[in-house]
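Heads up, the thing below is written out as structure tokens.
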Number of protein chains: 2
Amino acid sequence: MNVTAHPDSLTRSVEDYLKAIYRLSPEGRPASTRDIAHLLELSPPSVSGMVKRLSELGLLEHIPYRGAQLTEAGRSAALRMVRRHRLIEAYLVEFLGYSWDAVHAEAERLEHAVSDPLVERMAAALGHPSVDPHGDPIPATDGSIHELASTALADVATGRTVEIRRVDERDPERLRYLAARGLVPGGVVTLRDRQPFGGPVTVEVAGVRHVIGTELARVVLCGSEETQ
Amino acid sequence: MNVTAHPDSLTRSVEDYLKAIYRLSPEGRPASTRDIAHLLELSPPSVSGMVKRLSELGLLEHIPYRGAQLTEAGRSAALRMVRRHRLIEAYLVEFLGYSWDAVHAEAERLEHAVSDPLVERMAAALGHPSVDPHGDPIPATDGSIHELASTALADVATGRTVEIRRVDERDPERLRYLAARGLVPGGVVTLRDRQPFGGPVTVEVAGVRHVIGTELARVVLCGSEETQ
DNA sequence: CACGTATATTAGGCATTCCTAAACTTGAGA
DNA sequence: TCTCAAGTTTAGGAATGCCTAATATACGTG
């Protein structure tokens with residue numbers, strides 16, 4: 001235990017588990033077996049087994065029946081993968097003409113294959129960006145990461161004008177839908193209407209109004225409280 | 001058998017086996033278990049087992065105790081990997097500042113992770129090159145490949161001036177040694193002296209003479225018979 | 001043509017990573 | 001407090017891909 005395995009010896013699977021647990025709780029609280037299984041599309045028993053092995057490797061702290069949380073070693077390995085993923089996405093958009101809805105799947109495979117020097121060369125070519133094409137912050141090599149405070153579009157007060165910061169990256173179709181309406185990081189939107197009982201919101205982007213369902217409005221994150 | 005497995009379902013291992021067999025015999029003659037094992041740094045029994053599985057998948061033709069050769073499906077999968085490998089190498093040198101001795105190891109991992117569209121985007125960014133940084137020809141998407149006739153530097157007649165075409169890519173140290181002496185694809189050399197009994201050759205590059213051992217002179221391939 | 005060596009294969013095993021089915025733990029509500 | 005449903009773990013098993021040891025084949029040479 002507490003071997004703090006050499007980073008290069010981590011398998012794809014292990015890297016995916018660490019990344020999933022980090023995503024489920026960037027703050028470091030324990031993640032449940034069920035949530036990890038759901039995110040990785042695996043069965044709960046598979047996760048149970050792997051969590052046990054990873055805690056023996058010193059990458060996780062596991063309290064049976066209570067959840068798993070990243071150790072320092074685990075967190076740093078996870079952040080290394082997140083950095084890779086987001087830089088690869090940025091690189092593909094900037095230099096290889098990828099659209100923002102296509103990069104996630106490609107990065108998901110490449111992140112396990114690139115070397116650290118290659119990642120740093122890509123970062124340099126990009127001018128060391130701080131966010132990826134979806135607005136997600138890119139961790140530094142030392143593992144520091146600046147999460148900007150943000151409010152879901154669903155929670156913005158009627159009448160306010162805010163800047164879009166960040167959008168969940170995973171569903172390509174959703175990303176195309178958002179891009180077609182100008183709902184991209186850096187885009188400025190005014191909230192014009194909100195229907196009660198969790199109904200849709202109406203936003204105005206570049207003078208055009210769009211009605212956005214609640215589910216979608218919850219994954220579009222905006223600069224908080226930036227009043228017009 | 002003869003499933004002609006969907007390309008995306010091939011594992012890293014399978015892709016490496018096919019590439020190895022192609023390298024051992026681009027012409028399609030059977031490759032021996034021993035040679036495959038040696039190239040992949042695996043034990044012969046491991047190769048025996050895998051060869052059996054791959055022939056059941058329709059990627060190889062295997063005659064026990066005689067060797068394995070690629071079927072059409074196997075050859076085309078192998079060439080797809082070779083195309084990826086060489087385009088990745090070219091891309092890393094052209095756009096990410098890699099030196100030619102460092103790209104092989106990086107490409108060896110990336111070739112298993114890139115998608116076909118990414119490979120084609122890289123090819124387009126490069127202007128669809130016909131050779132990689134070591135002078136190795138890049139197969140087309142349809143699997144056609146133009147191997148240029150060439151003569152080993154070790155076999156060039158004394159007094160001839162030839163252009164270097166191609167150098168074995170695998171040993172980084174050897175590549176650095178060659179580059180330091182101008183022995184790179186496109187370089188023009190004149191053979192000044194050859195010692196008998198397999199002794200070293202002396203070549204002149206850009207007015208400077210270098211003595212090159214036989215082993216090295218055998219993996220430097222030159223445009224054949226191009227007299228000054 | 002028999003023999004021995006080089007080469008190849010089969011036998012048996014191990015690590016990884018996944019699965020389903022069965023057993024166990026937790027905690028909320030009757 | 002007891003019960004039970006949701007969630008978790010253990011048990012047992014399969015596929016991949018590697019290994020070593022033992023066995024089988026092929027073929028050049030005496």
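Numbers restart at 1 for each chain; the letters A, B, ... are given by sequence-line order, proteins then strands. Note that these values count all heavy atoms, side chains included, but never hydrogens, waters or copies made by symmetry.
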Query - Candidate nucleotides C:dC18, C:dT10, C:dT26, ranked by approach to the side chain of B:S48 - the nearest - result: C:dT10
Report task. Calculate the interatomic distance between A:L57 atom CG and C:dA15 atom C1'; express it in whole Å. Result -> 13 Å
Report task. Would you mind reading off the distance between A:R12 atom CZ and C:dT17 atom P, rounded to a whole angstrom? Result -> 10 Å
Query raised in the report: When you check the gap from the basic side-chain N to the acidic O, do B:R84 and B:D116 get nearer than 4.0 Å?
Result: yes
Query raised in the report: Between A:R166 and A:D136, does a side-chain contact (heavy atoms from CB on, under 4.5 Å) hold up when you go through it step by step?
Result: CA-CA 6 Å; A:R166 189 170 172 183; A:D136 298 317; 2.6 Å; yes
Query raised in the report: Roughly how many Å is it from CD1 in B:I36 to C1' in C:dT9, rounded to a whole number?
Result: 14 Å
Query raised in the report: For the pair made of CG in A:L42 and P in C:dC18, what is the distance, rounded to whole Å?
Result: 5 Å
**Report entry** Separation of C:dT17 C1' from A:E41 CD (nearest whole Å)
**Finding:** 16 Å
**Report entry** Phosphate-side-chain proximity, B:T33 and C:dT7, N/O vs OP1/OP2 below 4.0 Å
**Finding:** no
Query raised in the report: When you match A:P64 and A:S13 each to their closest nucleotide on DNA chain C, which lands nearer the 5' end?
Result: A:S13
**Report entry** Between C:dT16 (P) and A:L54 (CG): distance, integer Å
**Finding:** 11 Å
Query raised in the report: Just the endpoints, please: which first and last nucleotides of DNA chain D, 5' to 3', lie under 4.0 Å from a heavy atom of chain B?
Result: D:dT16 to D:dC27
Query raised in the report: Expressed in angstrom and rounded to an integer, what is the separation of A:Y17 atom OH from C:dT17 atom C1'?
Result: 7 Å
**Report entry** B:D155/B:R218 salt bridge by N-O under 4.0 Å criterion
**Finding:** no
Report task. Assign B:S46 to base, sugar-phosphate, or nothing according to its heavy-atom contacts below 4.0 angstrom with the strands shown. Result -> base
**Report entry** Touch class at under 4.0 angstrom, heavy-atom based, for B:H62 against every strand present
**Finding:** sugar-phosphate
Query raised in the report: Does the side chain to side chain donor-acceptor pair (under 3.5 Å) test come out yes or no for A:D132 and A:H85, once each step is laid out?
Result: CA-CA 9 Å; A:D132 78 1; A:H85 184 96; 5.9 Å; no
Query raised in the report: Should A:E89 and A:H104 count as side-chain neighbours, where that means a heavy-atom distance under 4.5 Å?
Result: yes
Query raised in the report: Should we say atom CD of B:E147 is surrounded by more than 12 heavy atoms from elsewhere, each under 6.0 Å from it?
Result: yes
Query raised in the report: Between B:E108 and B:R12, is there a salt bridge with N-O shorter than 4.0 Å?
Result: no
Query - Rounded distance in Å - OH (A:Y65) to P (C:dG27) - result: 12 Å
